[in-house]
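Inspection log for the structure reproduced underneath, given as C-alpha cells.
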Amino acid sequence: MRTIDRTNGGFLFHAAPPSDRSFIPRYDKRADMRVLFLHVDYLEYEVKQKALQGIPDVPEAKRRGKVDEALVCFLTAEQRDETNPAGVAKAAAANIVDIAGQVRTKRIVLYPYAHLSSSLAAPGPAQELISYLEKELVARGFEVHASPFGYYKSFKVAVKGHPLSELSREIVADAAAPASKEDVSEAIKAEAKLVSQWHILEPSGRLHPLSLSGGQVSGFNFAGHDRLRLFVSYEMAKSREAKEEPAHVRLMRELELVDYEPGSDPGNLRYYPKGRLIKGLIEELVTRRIRESGAMEVESPVMYDFEHPALKSYLDRFPARQYIVQTPNKRTFLRFSACFGQFLIMKDMVLSYKHLPLSLYELTRYSFRAEQRGEVAGLRRLRAFTMPDCHALVPDVEAAKAQLMVRVEVAWKILEECGLSVPDDLEVGMRVTKAFWEAHKDFVVAYAKRWGKPILVEMWSEQFFYFMQKYEWNFVDGNDKAAALTTDQIDTENAKRFGITFTDEKGEKRHPLILHLSPSGAVERVMYALLEKAAAAAKAGVPPMWPLWLSPTQVRLVPVSADQLPHARSLLDHLEGVRADLDDSSDTLGKKIRTAEKEWVPYIAVIGKKEVESGQLSVRVRATKEQTDMTVETLRARIVSETKGRPFQPLAEPALLSARPIFRG
RNA sequence: GCCACCAUAGCUCAGUCGGUAGAGCAGCCGCCUUGUAAGCGGCAGGUCGGGAGUUCAAUUCUCCCUGGUGGCUCCA
C-alpha cells in the first residue's frame with residue numbers, strides 16, 4: 001500500500017506547438033485531457049468543503065465512499081477540451097477501456113482532480129465532459145463510480161504494485177472545433193483571417209501564382225527546376241512519399257562522426273572525435289566569417305525565467321514546446337535560440353543611430369526545442385542543436401533591406417566554403433506580408449535576381465507573426481524532404497516588446513527593427529546537408545567526399561610493407577599543418593587502400609620500395625580517381641593551398657592507425 | 001505526441017512453429033611482407049534492448065517502458 005502525495009503534479013506537462021523565429025504559429029486544433037490511472041485494492045474518499053461556488057450540495061449519504069479493487073482515473077479537463085467534450089470523452093473512454101482490459105477490472109472510479117492541469121477547463125464544460133465519459137463507460141458495461149466534482153476531498157488509496165498499476169496519459173481527441181476563448185491570442189485571431197498565397201518569382205521579376213489541386217501544384221513550369229518543384233510541393237501539398245531511412249543517418253554512424261545517445265533524451269547526440277572535429281571546424285568558420293562581417297560576439301545564458309515579463313509575453317504569444325528546468329528557486333525554460341539572450345543585452349545598451357546597424361552574435365551550443373518525438377531525425381531535426389544566431393538592429397525598413405542583402409552575401413560565402421553550391425543546392429522560401437510585397441516589390445525581385453533562379457514566395461494577407469518578411473534557404477534531401485539552413489527575418493515587434501531603443505538624429509528615442517539571421521542554419525544541419533549531398537553523389541557514381549578542409553584525415557600514408565614503415569613515419573614530420581596519418585597495420589596494400597577509401601580519405605600516399613628510392617609518393621587522388629607521383633612537399637603545399645583561409649585543426653585521433661580506438665564497428 | 005513497424009556479438013544480419021543461439025566483418029594471437037577497395041589459420045566475444053505477465057520452461061507469446069525507422073503533425 002502506498003499513499004499518494006496530492007501535490008505530485010509534476011508528471012505531466014502541457015505540450016504546445018514549438019516556436020522560434022521561423023515558426024509560423026498554427027493553432028493546435030486538438031483537445032486533450034489528462035488522466036492518471038491507478039489500479040487499486042481500494043479507494044476511500046471523504047468530501048470536505050466546496051472548492052467552487054455554485055456547485056450543488058452533496059447529500060450526506062454520498063459524502064464518503066469506498067470502492068474496492070478498481071481502476072481509479074484521476075482526471076482533469078483541459079481548457080482546450082471545452083470545444084469538444086463529447087469527442088474527448090470518447091477518446092478518454094477508449095483509453096480507460098484499454099487499460100481496464102489490461103488490468104482486468106470492470107470497476108472504474110472517475111475522480112476529478114484539478115491538480116493535474118496547468119490550464120483547467122471551466123467547471124461547466126468539465127462536468128459535461130465527465131458526465132459524457134461516465135455514460136460512455138456505463139454503455140460499455142463498466143461499473144462506474146464518480147466522486148463529486150468541485151469539492152476538496154481527502155482520500156486514502158492502496159495501489160497495487162504491478163507495473164500497470166500506475167500510468168498517466170494525455171488523451172487527445174480530434175477536435176475540428178474552434179479555439180477556446182482563452183487560447184485565442186492576437187496571433188491566432190489574425191491567423192484565422194490569414195490567407196496564404198503562393199507564387200514562384202523568377203529572377204526576371206515575373207510572378208507566377210500557384211494553385212494546388214489533388215496534391216498537384218500548378219501555375220509554373222518546373223522543367224529544369226526539379227528540386228524547386230519538390231520543395232514547393234513539400235511546402236504546399238505537404239506530400240511526402242514513403243521513403244527509407246535518411247542516407248546521412250547511416251553515414252554519420254558508419255564514419256564514426258555522430259551517434260544517438262540513448263542515455264540522454266532523443267535528439268541529443270554524442271559526437272566522436274572525427275565528428276567533433278568537423279563540427280568544430282564549421283563552428284569556427286561561421287563564427288570567424290560573421291565576426292569579420294562586423295558582428296560582436298557575446299555569450300548568453302541557456303536558461304530563462306518563465307516569469308520574466310518580456311519573455312512571458314514572447315512565450316505567451318508563441319507557445320513553445322520547451323525543455324523545462326527547475327532551478328532551486330524558479331522554473332526556467334531552455335533557450336530555443338539566442339533571441340532572448342541578445343534582446344536582454346540590447347535593451348540595456350545605450351544606443352545611438354550612429355551605432356546602427358549593430359550586430360550581436362552567438363553560436364548557441366545548444367539551442368533546445370522539445371520537438372515531438374516523431375519529428376526528431378538524425379542530424380536533420382534535433383532537440384539540442386548548435387545554431388549561430390546574429391541579430392542586427394537597424395533604424396528603419398530601408399536600412400533593414402540593405403543590411404539583409406549584406407548578410408545574404410556573408411551567408412552565401414559561408415555555405416559555399418562549407419561545401420555547398422549556392423544557389424544550386426538550395427531553394428529559397430520567401431515569406432512576406434502582402435503589404436510588404438506591395439511596398440517593396442523591387443526589393444523582393446532584386447533578391448530573386450541575386451539568387452539567380454526562381455524562388456518560392458508565400459504572401460500573407462496580413463502580418464500575424466513578428467516579422468514582415470523572412471527567407472530561408474532550404475536543402476532538399478534524397479528523401480525529398482526540405483530542411484531550412486540559412487534564414488533571416490525583419491522583425492517589427494520585439495524591439496518594442498523587449499524595450500530596445502536607440503536615439504535618432506533628432507534626439508528622440510525610437511525602437512529599431514531587428515534582423516534575425518542564422519547565417520548557416522544549425523551546424524548539425526550543415527553536416528546533414530553535406531552528408532546527404534555526398535550520398536547523392538555516391539548514388540550518381542561520384543566518390544562521396546568532404547571538402548578537404550573538413551576531411552578528418554587529409555593524407556593517409558600507406559607503406560606497401562613493413563620495410564617502408566620507418567620512412568613513412570619520418571614523412572609525417574614533413575606534413576605540418578596537414579591532417580596526415582599512417583596505416584601501420586600489417587594488412588595487405590589492397591586492404592589498407594580499401595580502409596582509407598571507406599573513410600573517404602582524399603589523398604592516399606603509397607610508399608613502397610620505389611618511392612623510398614625516388615623520394616616521391618604515389619598519390620591516389622579520391623576526387624579524380626587518378627594516381628600521380630609527387631614529393632611530400634608538393635603534396636603538403638597542394639593541401640595547404642586548397643584549404644587556404646579555412647580554419648585548421650590537427651588530427652582528432654592518433655596518427656598511427658594501430659593506436660586508434662574503435663568507437664563503433 | 002499519435003499510428004505502424006523494428007530492436008539477436010562492437011558492426012551487418014541469420015535463427016529458435018516456446019526447450020537460453022549462428023555466420024561474415026571488426027577485435028586479439030600467429031603465419032604471410034604484401035604495389036592501389038577485403039591474404040590465410042586460430043581464439044575470444046551474447047542476461048537475444050529493459051521490466052512484468054502467461055507457462056514446467058520465454059530470446060520466441062502478451063502487456064508496459066526505452067531506443068530507432070516510416071507516416072501524421074512540425075522545423076534551424
Side-chain angles (χ1 to χ4, degrees), chain A residues 15 17-26 28-30 32 91 98-99 101-104 161-167 169-172 174 238 240-246 249-250 253-254 256 260-266 321 336-337 364 367 369-378 380-382 385-389 472-475 479 481-487 516 518-526 528 543 558-565 586-598 604-611 618-620 625 627 661-665:
Chain A
S19 101
D20 72 287
R21 69 167 53 86
S22 60
F23 172 67
I24 302 155
R26 306 219 182 274
D28 186 345
K29 294 188 180 64
R30 301 170 317 167
D32 60 3
D98 171 38
I99 290 167
Q102 283 170 34
V103 301
R104 304 211 184 96
H162 67 79
L164 290 179
S165 66
E166 296 168 62
L167 295 174
R169 286 203 180 167
E170 188 165 356
I171 291 166
V172 173
D174 290 325
K238 309 275 178 199
R240 267 146 270 184
E241 283 154 38
K243 289 285 176 87
E244 61 247 13
E245 168 176 277
V249 173
R250 188 176 51 79
R253 309 172 82 184
E254 213 169 84
E256 288 193 312
Y260 295 116
E261 178 48 81
S264 180
D265 198 42
R321 196 176 280 125
F336 48 80
S337 69
T364 61
S367 285
R369 297 180 194 176
E371 307 290 13
Q372 295 188 85
R373 182 61 196 89
E375 293 163 357
V376 175
R380 179 171 174 268
R381 187 85 177 275
L382 296 163
F385 58 97
T386 307
M387 188 173 58
D389 209 351
E472 330 106 28
W473 295 349
N474 294 275
F475 181 86
N479 282 354
K481 297 207 181 238
L485 293 172
T486 301
T487 178
H516 296 233
S518 184
S520 62
V523 173
E524 293 84 352
R525 274 203 179 162
V526 175
Y528 143 83
V558 178
V560 172
S561 81
D563 295 342
Q564 291 85 38
L565 254 179
S586 60
D587 289 337
T588 58
L589 178 65
K591 181 63 175 295
K592 286 184 273 204
I593 297 285
R594 179 178 144 86
T595 304
E597 293 287 4
K598 281 175 68 180
I604 302 171
V606 175
I607 304 139
K609 223 177 192 173
K610 275 185 284 176
E611 286 74 20
S618 171
V619 180
R620 190 178 152 116
K625 296 176 176 168
Q627 258 171 257
I662 292 159
F663 287 88
R664 201 176 179 282

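Labels below follow one simple rule: chain letters A, B, ... track the order of the sequence lines, proteins then strands, and each chain is numbered from 1. Quick note: numbers below take in every heavy atom, side chains included, and nothing from hydrogens, waters or symmetry partners. Note that the structure is predicted; figures quoted are calculated from it, not measured.
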**OP:** Taking only the side-chain heavy atoms of A:Ile662 (C-beta and beyond), determine which of B:C74, B:G27, B:U36 contains the nearest atom.
**Re:** B:G27
Subject >> N/O donor-acceptor pair, side chain A:Gln627 with base B:G35, under 3.5 angstrom >> reply: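 Absent.
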Subject >> base_contact_polar (B:C75 base, A:Arg525 side chain, donor-acceptor, <3.5 Å) >> reply: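 For A:Arg525, whose side chain was compared with the base of B:C75, there is a donor-acceptor pair (under 3.5 Å).
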**OP:** Please figure out whether A:Phe385 or A:Gly374 has its closest RNA chain B nucleotide nearer the 5' end.
**Re:** A:Gly374
Quickly work out the [X] [atom1] to [N] [atom2] distance and round it to whole Å.
| X | N | atom1 | atom2 | answer |
| --- | --- | --- | --- | --- |
| A:Ile607 | B:U33 | CD1 | C1' | 16 Å |
| A:Glu375 | B:G71 | CD | P | 12 Å |
| A:Leu565 | B:G35 | CG | P | 16 Å |
| A:Gln564 | B:U34 | CD | P | 9 Å |
| A:Glu261 | B:U66 | CD | C1' | 13 Å |

Quick test: give all pairs of protein nitrogen or oxygen and nucleotides 38-42 of chain B nitrogen or oxygen below 3.5 Å, distance rounded to 0.1 Å.
from	atom 1	to	atom 2	distance (Å)
B:A38	N7	A:Arg594	NH1	3.2
B:A38	N6	A:Arg594	NH2	3.1
B:A38	N1	A:Arg594	NH2	2.8
B:G39	OP2	A:Thr588	OG1	2.8

Does [X] reach a base, just sugar-phosphate, or nothing at all? Heavy atoms under 4.0 Å.
| X | answer |
| --- | --- |
| A:Ala482 | base |
| A:Lys610 | base |
| A:Ile604 | nothing |
| A:Ser618 | base |
| A:Gly521 | sugar-phosphate |

Subject >> Worked verdict on A:Lys598 versus A:Glu254 for salt bridge (charged side-chain N to carboxylate O under 4.0 Å, His left out) >> reply: CA-CA 9 Å; A:Lys598 281 175 68 180; A:Glu254 213 169 84; over 6 Å; no
Original post:
Under a 3.5 Å cutoff on both atom distances, Watson-Crick or G-U, what's the dot-bracket for RNA chain B ([ ] crossing, | other strand)?
Top reply: (((((((..((((.....[..)))).(((((.......))))).....(((((..]....))))))))))))....
Original post:
Can you name the salt bridge (charged side-chain N to carboxylate O under 4.0 Å, His left out) partners of A:Asp563, sequence neighbours left out?
Top reply: none
Original post:
Do you know which of A:Thr364, A:Thr487, A:Thr486 makes side chain to side chain contact (heavy atoms under 4.5 Å, CB included) with A:Ser518?
Top reply: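 Passing option: A:Thr487.
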Closest heavy-atom contact between [X] and [Y]?
| X | Y | result |
| --- | --- | --- |
| A:Val560 | A:Lys592 | O-NZ, 4.0 Å |
| A:Val606 | A:Glu611 | O-CG, 3.5 Å |
| A:Met387 | A:Phe336 | CE-O, 4.2 Å |

Original post:
Distance check: side-chain N/O of A:Arg620 vs OP1/OP2 of B:A37, anything under 4.0 Å?
Top reply: yes
Original post:
How far does the P atom of B:C64 sit from the matching atom of B:G27, given to the nearest Å?
Top reply: 42 Å
Subject >> Span that lies between the P atom of B:U12 and that of B:A26, in whole angstrom >> reply: 15 Å
